[in-house]
Structures are given as C-alpha cells and as structure tokens.
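Structure record follows, encoded as structure tokens.
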There are 2 protein chains.
Amino acid sequence: MPAPARTSTEAVVTAARGIVERDGLDALTMQRVADEVGVRAPSLYKRVRDRADLVRLVADQVAYELADRLDAVVGSGDPHDDLRAVAGAFREFARANPASYTLLFDPRSGGMSPEARDTSVSVLLRVATDLAGPDDGLSAARLVTAWATGFVAMELAGAFQLGGDVESAWAYAVEHLVAAVAGDGAET
Amino acid sequence: MPAPARTSTEAVVTAARGIVERDGLDALTMQRVADEVGVRAPSLYKRVRDRADLVRLVADQVAYELADRLDAVVGSGDPHDDLRAVAGAFREFARANPASYTLLFDPRSGGMSPEARDTSVSVLLRVATDLAGPDDGLSAARLVTAWATGFVAMELAGAFQLGGDVESAWAYAVEHLVAAVAGDGAET
DNA sequence: ACCTGAACACCGTTCAAGT
DNA sequence: ACCTGAACACCGTTCAAGT
C-alpha cells in the first residue's frame, strides 16, 4: 500500500518545457513527457489535468523566469536607461528561449495565468510610470509592451524580409519610444 | 474515365477558413473540411499537400484580404491621418476575424507566404515613408507594424487586465507614434 | 484524373486492476 | 496513493482499387 511517487509535477513541467524548446509545441506529447520522466503516459494525469493544462504550466514557468530577468536589469536610476535595459533584456530572453517565448503570447496555448502575466508586466509598468508620469504610465507601458512583443514575434517568425538592418530598426524604435513616452503627454 | 472534380482548392480553403474562424485552429480537421466540401478526407490530398499546407493557404487568403482593407483606407492626402486610418483598419480587421488574424502571426502555423507578407505590409511602408522620410521609412514602418501587431495580439488574448481604459491606451499610442515618427529623426 | 474504402501509425484520455 | 495495461475515439496520411 505504499505508492512510491516516481515523479513530480515539477519534473513533468520541466521535461515538457525542454521538449517544447528543443522540438516545438507539436512535439509535446504525453507519451514523450512520460518517457522522459520515467513513467507511463496515463500516470501523468495524476500531475496535470490534461495536455492543455500542462502547456499552461510551462507558460507560467517561463513567464516568471522572464519577469525575473526584467527585474534584474532595472535600477540604473535613470528611467530612460531602465526602459532601454528592459527592452533589451526582453529581446534577449526571447532569443534565448524562442519556442517558450512564443508560447507566452500564443493565444492558442491558452496563454499564461493572470498572476504570471501581472508579474511579468509589473516591471515595465513601474519603469513606464517613472518615465511618463502616473497619468500616462499604464498607457505608456502598454505602448512599449505591445511594441516589444510585436517586434520580437516578427523577428522570431522571420517577418523582417524587406531588407534593411533589423538592428537599426530596433535602435530607432527604442530611442523614438523613449523620447515619445518621456515627452510631455500630447493632449491629456 | 471522366473524373468529375467534386470540389476545388478554393472551396477547400474557404471551408477551412470558416472552421478556423468559427471553432479555432484545433478544430480544423481534414475530416471536417471533407464533410463541408462533400468529399472523403483522402480526396483532400489532391488539393493540398497536407494539413500544414492547408493552414498556410488560409493564412495567405487572410493576408491578402487584410492588405486590401488597409489599402482601402489610405489616400487622405495627410500622412498623419493615413497612419491613423491604417492603424484603425488593422485593428478592426483583427476584431472582425480574430482567429484568422492570429493565424497570420502565429509562428506555429508556418505563417503566410513571403508574397502575402510583402503585400500586407507595403501599404504601411508607404505611409511610414511619407511620414518619416525615405531614410527612416523602413524603421518607422517596423515600429508601427510591431506595435499594432503586438497591441492587437494582446487585446485578442485578453492580456490587458490591469484595468485602465484600453481605448485610451490605443489612442495614446497612435498619437504618440504619429508624433514620434513624424518628428525629425532623433540622431541620424 | 479524381474519388473511395481500408489500413497504418499515432494521438489524448479513461478506467479497472494492481501494489 | 500512485502506477499500469488495455481499451476507446479520433487524428493525419498512404495506397491500391474503382470510375
């Protein structure tokens, strides 16, 4: 009557994330996760409700990790530099974890949980508020977040194919956004 | 020996798009497409290579349609107003075709073909060049495209949950982007 | 030349049975 | 309390056989 737990939810999620990162979301199979954690597929249903639930757990793990990275690069004292740093860290994270990153903003994966989402955007909200003031902070954060999200998504999807230098497009955008957000807010 | 073609590639793609729009990409099943066009599933392989190919064809159809919509709203004479109009039309299209729209920017769907992509961004490139000048046109177009893509993706995913008014965040962004892009280009 | 039934390998998921 | 084999319904895809 013991019941030796041969794996754990954490091991299952970590294995799943590794599979997604290495071979893409379509390769995330219950069978394959089971193989990696050393168990039979049906046993996974003691850890996660179903495959969609597992995908969501992976997205959450990635979201918290991204939030940590963003948190780590702010604090220069100058909100202009903080915004540049956050944008850079965001892009770096996406490049280092392309498949996991797309999972975060893929509507088809159910996205991340609300708490994970709040955590990952709170840093940017703080920096944007420092820069744009309390009235425009939220709108400014949404502008920058939407831009960074879209830019990186397009970059990962190979959408920048009209030639030109992607690096200079990035630099152009960062500087113009910093200036636009920091400038006095057009019409209140 | 005739061989009465009981369907067509166009009918297959249209049926597929309808399914995606009504019930999501996961509901796009070869069986279900076959049912809708009145044929057995194996016959679909005379029209498309495989399911992934079918998804790409749907994405292409949607991309061309989006390009048409954007094309239709420019020409006010004022590039500022054109940019506002294009952004608005972009958002409207996404709201009217949420599932098809996400298909366009979903890396997992293989995205659209290069020609479809070029067509859909050419309008924005033209407007951005009018506004930012030939040197910065491409970077400006990429800034606006990335922002609009990201904003709409987040909106469709229900990512704006920190309260505040999403409409005012949209308006704030449009005005600040128009001003930032039209202003003399920071450092050349 | 297109259509079909039958078949294959592979999914996610359930469940009764083991320990 | 967790694990397992067996089973179910459902995929995408291939292919020989029809017309």
Side-chain angles (χ1 to χ4, degrees), chain A residues 1-61 99 102-103 106-111, chain B residues 1-61 99 102-103 106-111:
Chain A
M1 58 291 270
R6 249 182 277 259
T7 185
S8 66
T9 303
E10 198 200 346
V12 167
V13 174
T14 299
R17 179 176 173 187
I19 293 165
V20 169
E21 202 52 74
R22 283 191 303 276
D23 297 315
L25 187 57
D26 287 343
L28 179 59
T29 281
M30 299 305 269
Q31 297 274 9
R32 190 156 158 199
V33 174
D35 284 351
E36 290 206 10
V37 300
V39 103
R40 303 290 176 165
S43 299
L44 296 177
Y45 292 83
K46 289 286 167 182
R47 312 292 174 187
V48 299
R49 189 153 14 116
D50 50 26
R51 183 181 180 277
D53 187 39
L54 177 54
V55 172
R56 196 178 45 72
L57 289 173
V58 172
D60 276 5
Q61 190 188 83
T102 52
L103 207 61
D106 185 346
R108 226 151 87 232
S109 75
Chain B
M1 58 289 270
R6 248 181 278 258
T7 185
S8 66
T9 304
E10 198 199 348
V12 168
V13 174
T14 300
R17 179 176 173 186
I19 293 166
V20 169
E21 203 51 76
R22 283 192 303 275
D23 297 315
L25 187 56
D26 287 342
L28 179 58
T29 281
M30 299 305 269
Q31 297 274 8
R32 189 154 159 201
V33 173
D35 284 350
E36 290 206 11
V37 300
V39 103
R40 304 289 176 165
S43 299
L44 296 177
Y45 293 84
K46 289 285 166 185
R47 312 292 172 188
V48 300
R49 190 152 14 112
D50 50 26
R51 183 181 179 277
D53 187 40
L54 177 54
V55 172
R56 196 178 45 71
L57 289 173
V58 173
D60 277 5
Q61 191 189 82
T102 53
L103 208 63
D106 185 345
R108 224 149 91 233
S109 75

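A quick note: this is a predicted structure, and the numbers were derived from the prediction, not measured. Throughout, a chain's letter reflects where its sequence line sits, starting with A, and its residues are numbered from 1. Scope of the values below: all heavy atoms of this structure, side chains included, with no hydrogens, waters or symmetry mates.
Using a 4.0 Å heavy-atom cutoff across all strands shown, A:R49 reaches no nucleic acid atom at all. Within 4.0 Å of B:L28, counting heavy atoms only, lie sugar-phosphate atoms of the nucleic acid but no base atom. A:R47 comes within 4.0 angstrom of sugar-phosphate atoms only, judged by non-hydrogen atoms across all strands, and of no base. At the heavy-atom level, B:T7 lies under 4.0 Å from the strands shown only through sugar-phosphate atoms.
Base-pairing analysis of DNA chain C finds the following stems of at least three consecutive Watson-Crick or G-U pairs, with both pairing distances under 3.5 Å: C:4-8 with D:12-16, C:12-16 with D:4-8.
Nearest nucleotide to the A:D50 side chain, out of D:dG12, C:dT13, C:dG12: C:dT13.
A heavy atom lying under 4.0 Å from DNA chain C marks none of the residues of residues 17-27 of chain A.
Side-chain nitrogen and oxygen atoms of B:R6 include none within less than 4.0 Å of the OP1 or OP2 phosphate oxygen of C:dC2. The shortest distance between the side-chain N/O atoms of B:S43 and the OP1/OP2 oxygens of C:dT4 is below 4.0 Å. Applying the 4.0 Å criterion to OP1 and OP2 of D:dT13, one finds that B:R51 has every side-chain N and O outside that range.
Side-chain contact between B:R56 and B:V48 is absent, with no heavy atoms from C-beta onward closer than 4.5 Å. Contact check for A:L44 versus A:V37: side-chain heavy atoms found under the 4.5 Å cut-off.
Here the OG1-CD distance, from B:T7 to B:E36, works out to 11.0 Å after rounding to the nearest 0.5 Å. Summarising the geometry, atom CG belonging to B:D35 is positioned 8.5 Å from atom CZ belonging to B:R40; distances are rounded to the nearest 0.5 Å. If you take CD on B:E21 and CG on B:L103, they are separated by 9.5 Å, rounding to the nearest 0.5 Å.
In this structure, the CD atom of A:Q31 is 13 Å from the C1' atom of D:dA6, given to the nearest Å. At whole-Å resolution of the value, OH in A:Y45 and C1' in C:dA16 are 17 Å apart. Separating the CZ atom of B:R32 from the P atom of D:dG12 is a distance of 12 Å, rounded to the nearest angstrom. Across the protein-nucleic acid pair, A:R40 atom CZ and C:dT13 atom C1' stand 17 Å apart, rounded to whole Å. Note: CE (B:M30) to P (D:dT13) measures 6 Å, nearest angstrom.
Residue A:K46 is the one, among A:K46 and A:P42, whose nearest nucleotide of DNA chain D lies closer to the 5' end (criterion: closest heavy atom).
Side-chain atoms of A:R51 come within 3.5 Å of backbone N or O of A:L28 as a donor-acceptor pair. Under the 3.5 Å distance criterion, the side-chain polar atoms of B:T14 are left unmatched by any main-chain donor or acceptor of B:A11.
Screening A:L57, A:V39, A:L54, A:V58 against A:V12 for a side chain to side chain contact (heavy atoms under 4.5 Å, CB included) leaves a single residue, A:L54.
Scanning for salt bridge (Lys or Arg N to Asp or Glu O under 4.0 Å) contacts around B:D23 gives B:R32, with sequence neighbours left out.
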